[in-house]
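Notes to accompany the following structure.
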Amino acid sequence: MSNALSDRINSLPVSQTLAMAAKARELKSQGKDIISLSLGEPDFNTPDFIKEAAIEAINQDYNSYTPVDGYVELKEAICAKFERDNNLTYSPNQIVVSTGAKQSIANIAQVLLNPGDEVLLPAPYWVSYSAIATLCEAKFIEIPSSIDTDFKITPEQLEAAITPKTKMIFFNSPNNPSGSIYSEQEYRALAEVLEKHPQIYILSDEIYEHINYGSELFSFAAIESMYDRTITVNGLAKAFAMTGWRIGYIGAPQWIAKACTKMQGQITSGTNCIAQRAAITAVLAEPSKVQYMVDEFKNRRDIMLALLGKVNGFKLNIPEGAFYVFPDISAFFGKTIKGKLINNASDFSMLLLEEANVATVTGEAFGAPDCIRMSYAASELQLREAVKRIKEVLS
Ligand code: GLU
């Protein structure tokens, strides 16, 4: 019956992060001993002080529809957070709370992109950026980078990618999947290029801001000339181990926030009331309250770098944030391993799944076809076992 489906859905690629996670789950349910390093999801529990706020909200009978753009107390708390962590001044009417940062990004794309507009995606980029742009009938233009530049783009590359049709750039630091973090100086150099092209809007996805291992963080909107053109995206999933609670938000120029609210009002309305009440407590908490998770991620990153550094053919950058390693594995292309010819990163990722029972995500989904993504949001025991199995398959 798929010919009855719309062209829109038929041409939409499946999210590779979710597909790999689903595949890992399915194989596990068949009794296979799969280690899933596919999904980017903290393996911690949501902190008790946030859970208590949610329980209190239930007991206080928070059960009705919420304002489409979020409770005003939550929007005020988000403004205070932007001021505290990002040196950004927003007022509540510039904030829209959504069902995850993914919906925030989809809202922004829907309200700003027309068919034929071009969206710049510095690669590697998160898998859903390209799909979301395509859903708006926009054209996404990859700006490639490689491990040699720590997976960052240069101002010259940005300038060269811009055309009169360029409407947006989707920017993400700390980056999923590379873990790279742009410095203030690097931000300013990119902004200098964008200043010459006032028709371009910047979506700055800062969802991994708290998962950073000591770099100074910076926000695009903190550059004065960029403030009126930037939509800052963030959410609670990664910093507070709240992936399933689905709370994302934006700080944006008021006219964009208003448009996103209008869009959301026709599609999902205000997000879950209990999660929103708990989110007030979460965003107002000092980041130091969740530092124990960041410390543990850093420990695991170091373990992964040490272990994978000893695997011949794996080339690694040092991720400064997020919880992924993104090795360049192109050394294996053209080789036959366990009877399987490895032509590309997808073949390699499938080899690891089938022969080592380790689930990863192909770099092709992130616009980086020489790499695979491995999430280290898993226990140390699992990480050690995963690398051991990978080594055995490759030796
Ligand atoms: N952002 C996470 C990841 O990249 C969650 C999965 C998704 O929504 O793509 O794995």
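We use all heavy atoms of the structure for the numbers below, so side chains are in, but hydrogens, waters and symmetry mates are not.
- Smallest separation of non-hydrogen atoms from T66 and T271: OG1-O, 3.1 Å.
- Here the closest non-hydrogen pair linking P42 and A377 is CA-CB, 4.1 Å.
- In this model, a donor atom of one side chain and an acceptor atom of the other lie less than 3.5 Å apart for S98 and Q264.
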Worked verdict on V119 versus L121 for side chain to side chain contact (heavy atoms under 4.5 Å, CB included):
CA-CA 6 Å; V119 178; L121 301 183; 4.0 Å; yes
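- A cation-pi arrangement, defined by a distance under 6.0 Å to the six-membered ring centre and an angle within 45 degrees of its axis, is present between R277 and Y71.
- Neither side chain, N107 nor S104, offers a donor N or O lying under 3.5 Å from an acceptor on the other.
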Working note: N175 + N172, criterion side chain to side chain contact (heavy atoms under 4.5 Å, CB included); need CA distance, chi angles, decisive distance, verdict.
CA-CA 5 Å; N175 181 270; N172 174 218; 3.7 Å; yes
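- Taking a cutoff of 4.0 Å between a charged side-chain nitrogen and a carboxylate oxygen, K388 and E385 qualify as a salt bridge.
- Checked against a 6.0 Å centroid threshold, the rings of F220 and Y187 count as neighbours.
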Might you work through the side chain to side chain contact (heavy atoms under 4.5 Å, CB included) test for R301 and L383, ending with a clear yes or no?
CA-CA 10 Å; R301 177 202 67 172; L383 295 175; over 6 Å; no
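- Shown here is N59, whose CG atom has more than 12 heavy atoms of other residues, nucleotides or ligands within 6.0 Å.
- Aromatic ring centres of Y90 and F82 lie closer together than 6.0 Å.
- The 12-atom threshold is not exceeded at NZ of K165, counting heavy atoms of other residues, nucleotides or ligands nearer than 6.0 Å.
- C79 approaches S91 most closely through the heavy-atom pair SG-C, 3.5 Å.
- Classification of K51 and D48 as a salt-bridged pair holds, one side-chain N sitting under 4.0 Å from a carboxylate O.
- Ring pair Y324/W126: centre-to-centre distance not below 6.0 Å.
- Put simply, the side chain of E184 does not reach to within 4.5 Å of the side chain of I223, judged on heavy atoms.
- When the options Y213, Y208, F44 are evaluated for a ring pair (Phe, Tyr, Trp, His ring centres under 6.0 Å) with F297, the one that passes is F44.
- Using a cut-off of 4.0 Å between Lys/Arg side-chain N and Asp/Glu carboxylate O, E159 and K196 are scored as salt-bridged.
- Side-chain contact, Q291 with H210: no donor N or O sits under 3.5 Å from an acceptor N or O.
- Taking a 6.0 Å sphere around CG of N87, one finds it holds 12 or fewer heavy atoms contributed by other residues, nucleotides or ligands.
- With ring centers used as reference points, F333 lies 6.0 Å or more from F348.
- Under 4.0 Å is where a charged nitrogen must lie from a carboxylate oxygen, and between E192 and R188 no such pair does.
- Under a 4.0 Å N-O distance rule, the pair K102/D205 does not qualify as a salt bridge.
- A donor atom on one side chain and an acceptor atom on the other are not found under 3.5 Å apart for S204 and T230.
- Here the two rings, on Y125 and F366, have centers that are 6.0 Å apart or farther.
- The existence of a salt bridge linking K335 and D347 is excluded, since no basic side-chain nitrogen approaches an acidic carboxylate oxygen closer than 4.0 Å.
- Side-chain N or O atoms of S145 include one that pairs as donor or acceptor with a backbone N or O of A123 at under 3.5 Å.
- Between K262 and D69 no salt bridge is recorded (no basic side-chain N to carboxylate O distance below 4.0 Å).
- The closest donor-acceptor contact from the side chain of S349 to the backbone of A345 lies at 3.5 Å or more, if one exists at all.
- Annotation: E224, atom CD; neighbour count of heavy atoms from other residues, nucleotides and ligands within 6.0 Å does not exceed 12.
- We find that E354 and K340 are joined by a salt bridge, their nearest charged nitrogen and carboxylate oxygen being less than 4.0 Å apart.
- A salt bridge links K152 to E186: one of the charged nitrogens lies within less than 4.0 Å of a carboxylate oxygen.
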